[in-house]
Protein chains: 2
Amino acid sequence: MPAPTTAEATASSQPTAGNGLERLYTTDLASEIEFLTARARSLGSGRANNMLAELDLKVRSYSVLSLACSGQNPSQRELADFLSLDPSQIVALVDQLEKRGAVTREADPRDRRSKVIAPTAAGRRLFKRAEAIIRQASDQSLAQLNDQERETLRDLLRRIAF
Amino acid sequence: MPAPTTAEATASSQPTAGNGLERLYTTDLASEIEFLTARARSLGSGRANNMLAELDLKVRSYSVLSLACSGQNPSQRELADFLSLDPSQIVALVDQLEKRGAVTREADPRDRRSKVIAPTAAGRRLFKRAEAIIRQASDQSLAQLNDQERETLRDLLRRIAF
DNA sequence: AAATATGATTGACTTTTTCAATCATATGGG
DNA sequence: CCCATATGATTGAAAAAGTCAATCATATTT
C-alpha cells in the first residue's frame, strides 16, 4: 500500500485513503448494494486470506474445515451445494485437507457413494486456531460497525443469501 | 442451466429449499458476516452476469462503463484502485469496451501517462440499457428486503467497503 | 433386472488473478 | 537543468479459480 504524503485525514482509514479517489465515491455505482457487497467481500476475504496464510489456509479451505467441524457431518455434495462450488473443487479442497491430516473421508452407511467429511483431532485443533484468526480478521473488517449494527447486517445478509 | 446452485431456481423465496441442506444453515459458518457477504455477492453477481449476457456485458465491464459514464472522468489507474483490480485487467476491460465502440481513451492534459476513459454516444446508450438490467437483477436479488431495509444494508455496507 | 439418476473423481479447458518487466512521462533533489 | 526515482499503461507469463463433460460405483425407479 502506498503511503501518500499526509495519509489519515478522517477516521476512514481503510484502503484507498488519502488519494484522489473520493471523487468516485459519489458515483451511482458506489451506491449500488451489489457493488458494495462485492467490494466488502473482496476486502474482507483479502484480509482473511492474508491472515490465514500463516496456517496455510484460505477462506475456502477454512470454510470446508469449519463445516467438517460443525457436527453436521456434511457430505462432499452438500459442501458443494452449500458453498456454491463445483463438486470437483470440493474434491481438490478435501484432498488438501486430507493430505495434511485435518479431515478424513468417512463412508456413509446409508449411501456408499457419498463421503462424509470428518475432522481429525489435529483438524479440530487447526480449526480452533483458524477460527480465532478469522474472528480477528472479521473484527478488523467490520471495525466501523458496533455490535448491534453487525447483528443487523448479519440478518439482512442472511435474508438475501439464503 | 449452467449455474450449479447459483441463480435459477424459482423466482420466489429460498433457493435450495426442500433438499437436506437446511441442516448446514445452523452452523457457525452460516452466521459469519463474511461468509454471508461472499454468498450474497456470488448469488447477486451470478444473476447479474446472466442477465447482462444479452448485452454481451458482465458485471465487470458494466462497472467500468458505469464509471466512464459517471461524469468523473476516471483514469485507468483510478478504475483499478476503485474496483480493486490489477491495472492489467483494466487494460483488457477497456480494450473490449473500446473495441466495441463504447468508450475511448482520452489523453489527460495534466499527465500524459494517464488515460481518461470516456464514453461514446453508443456507450451511453449501452449503459442505459445495462443500467436497467442491473436494476432488475438487483431487485430480484434483494427481493426479501423492503426499501428501508435496503437503505440500511446500503449504509452498513458502505461503511465497511470504504 | 433394466433403465435412470446421483456422488465422487478425473481431465480438459476457459477465465480470473497475480506478478514481473518495459516504456513513456512526472516529480523531487541536487 | 540533470539525474534518480516514482508512477501510469501495457504486455506476457504463470498460478489459481471456475466450468464442463466423461467415468465409475452405487441408488433408485420402473
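Proteins come first, then strands; the chains are lettered A, B, ... in the order of their sequence lines, and each starts at number 1. Scope of the values below: all heavy atoms of this structure, side chains included, with no hydrogens, waters or symmetry mates. This structure is a prediction, so every number in the text was calculated from the model and none was measured.
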Would you mind reading off the distance between [X] atom [atom1] and [N] atom [atom2], rounded to a whole angstrom?
{"X": "B:Q76", "N": "C:dA24", "atom1": "CD", "atom2": "C1'", "answer": "14 Å"}
{"X": "A:N50", "N": "C:dT17", "atom1": "CG", "atom2": "C1'", "answer": "14 Å"}
{"X": "A:D95", "N": "C:dT9", "atom1": "CG", "atom2": "P", "answer": "7 Å"}
{"X": "A:I90", "N": "C:dT9", "atom1": "CD1", "atom2": "C1'", "answer": "13 Å"}
{"X": "B:D111", "N": "D:dT7", "atom1": "CG", "atom2": "C1'", "answer": "8 Å"}
{"X": "B:R112", "N": "C:dC23", "atom1": "CZ", "atom2": "C1'", "answer": "14 Å"}
{"X": "A:E106", "N": "C:dA8", "atom1": "CD", "atom2": "P", "answer": "14 Å"}
{"X": "A:K115", "N": "D:dA27", "atom1": "NZ", "atom2": "P", "answer": "13 Å"}

- Message: Could you check whether A:R41 and B:S42, counting side-chain N and O atoms only, form a donor-acceptor pair closer than 3.5 Å?
- Response: no

So which nucleotide from [options] ends up closest to the side chain of [X]?
{"X": "B:D86", "options": "D:dT10, C:dA8, C:dT18", "answer": "C:dT18"}
{"X": "A:R77", "options": "D:dA16, C:dG7, C:dT18", "answer": "C:dG7"}
{"X": "B:R113", "options": "C:dT10, D:dA17, D:dA6", "answer": "D:dA6"}
{"X": "B:R60", "options": "C:dT17, C:dT15, D:dA27", "answer": "C:dT17"}
{"X": "B:S88", "options": "C:dC19, D:dA9, C:dT10", "answer": "C:dC19"}
{"X": "A:S114", "options": "D:dA9, C:dT25, C:dA8", "answer": "C:dA8"}
{"X": "A:V91", "options": "D:dT10, D:dT26, C:dT9", "answer": "C:dT9"}

- Query: Ion pair present between B:R154 and A:E32, side-chain N to carboxylate O less than 4.0 angstrom?
  - Reply: no

- Does B:V116 or A:R110 map to a spot on DNA chain D nearer the 5' end, using the closest nucleotide for each? B:V116

- Whichever of B:S75 and A:Q89 has its nearest DNA chain D nucleotide further upstream toward 5': B:S75

- Flag the pair A:F82 / B:F35 as yes when their ring centroid distance falls below 6.0 Å, and as no otherwise. yes

Donor-acceptor list for residues 122-138 of chain B side chains, cut-off 3.5 Å, not counting sequence neighbours:
none

Determine all donor-acceptor pairs shorter than 3.5 Å in which one atom belongs to a side chain in residues 103-112 of chain A; sequence neighbours excluded.
unit_1, atom_1, unit_2, atom_2, d
A:T104, OG1, A:E106, OE2, 2.7
A:R105, NE, A:Q76, OE1, 2.9
A:R105, NH1, A:D95, OD1, 3.0
A:R105, NH1, A:E98, OE1, 2.7
A:R105, NH2, A:V91, O, 3.4
A:R105, NH2, A:D95, OD1, 3.0
A:D108, OD1, A:R110, N, 2.8
A:D111, OD1, A:R113, N, 2.9
A:D111, OD1, A:R113, NE, 3.1
A:D111, OD2, A:R113, NH2, 2.8

- Task: Ignoring backbone atoms, establish whether A:K58 has a side-chain N or O less than 4.0 Å from OP1 or OP2 of D:dA16.
- Result: no

